[in-house]
Amino acid sequence: MSEPKILGQFQLEHRTIQVSGDEGNAGTVWLRRVHPDPPMALGCVVELDSSTPRLRLYRAEWPDELRERAKEQTLEIWRSARH
């Protein structure tokens with residue numbers, strides 16, 4: 001199995017979040033905090049190709065507004081990577 005390709009990254013408050021995915025699973029991408037240290041897997045956004053993508057976080061408890069911003073940024077990166 002190959003490593004997911006890094007599609008891009010974005011800033012969310014004090015965090016730098018990396019978005020990665022692969023060709024075989026086009027409807028899901030994974031989120032990883034790369035700053036501040038230590039790097040940490042945050043979760044994923046699933047059903048990207050549907051009208052209701054969902055953000056699934058492993059541990060983080062983020063308010064709704066922050067979750068929505070993360071999902072929107074992730075969707076933008078995913079769409080850009082597909083073109």
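Computed from a prediction, not measured in an experiment: that's the story for all the values here. All residue numbers in this chain count up from 1 along the given sequence.
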Report summary line: Between the CG atom in Leu31 and the CZ atom in Arg56, the distance rounded to the nearest 0.5 Å is 12.5 Å
Query raised in the report: Does Pro53 reach the side chain of Leu75, with side-chain heavy atoms less than 4.5 Å apart?
Result: yes
Query raised in the report: So do the side chains of Gln9 and Val34 get within less than 4.5 Å of each other, counting heavy atoms only?
Result: yes
**Report entry** Shortest non-hydrogen separation from Trp62 to Ala70 and the atoms involved
**Finding:** CZ3-CB, 3.7 Å
Report summary line: Between Ile6 and Ser20, the two heavy atoms sitting closest are CA-CB, 4.1 Å
Query raised in the report: Donor-acceptor pair, Arg33 side chain versus Gln18 backbone, under 3.5 Å?
Result: no
**Report entry** Partners passing side chain to side chain contact (heavy atoms under 4.5 Å, CB included) against Glu13 (at least two apart in sequence or in another chain)
**Finding:** Arg15, Leu66, Arg69
Query raised in the report: Hey, quick one: are Val29 and Leu12 part of the same hydrophobic cluster, counting side-chain heavy atoms closer than 4.5 Å, chains of contacts allowed?
Result: yes
Query - Heavy-atom pair with the smallest gap, counting every atom of Leu7 and Ala81 - result: CD2-CB, 3.8 Å
Report task. Kindly indicate whether the side chain of Ile77, heavy atoms from C-beta on, has any atom under 4.5 Å from the side chain of Phe10. Result -> yes
Query raised in the report: Ignoring hydrogens and geometry, is there a side-chain-to-backbone donor-acceptor pair from Arg32 to Ile17 under 3.5 Å?
Result: no
Query raised in the report: What distance do Glu61 atom CD and Arg67 atom CZ have between them, rounded to the nearest 0.5 Å?
Result: 7.5 Å
Query raised in the report: So do the side chains of Trp78 and Asp49 get within less than 4.5 Å of each other, counting heavy atoms only?
Result: yes
Query - Euclidean distance, Lys71 NZ relative to Arg54 CZ, rounded to 0.5 Å - result: 9.0 Å
Report task. Compare all side-chain heavy atoms of Val45 with those of Trp30 and state whether any distance is below 4.5 angstrom. Result -> no
Query raised in the report: Does a side chain donor of either Thr16 or Gln11 reach within less than 3.5 Å of an acceptor in the other side chain?
Result: yes
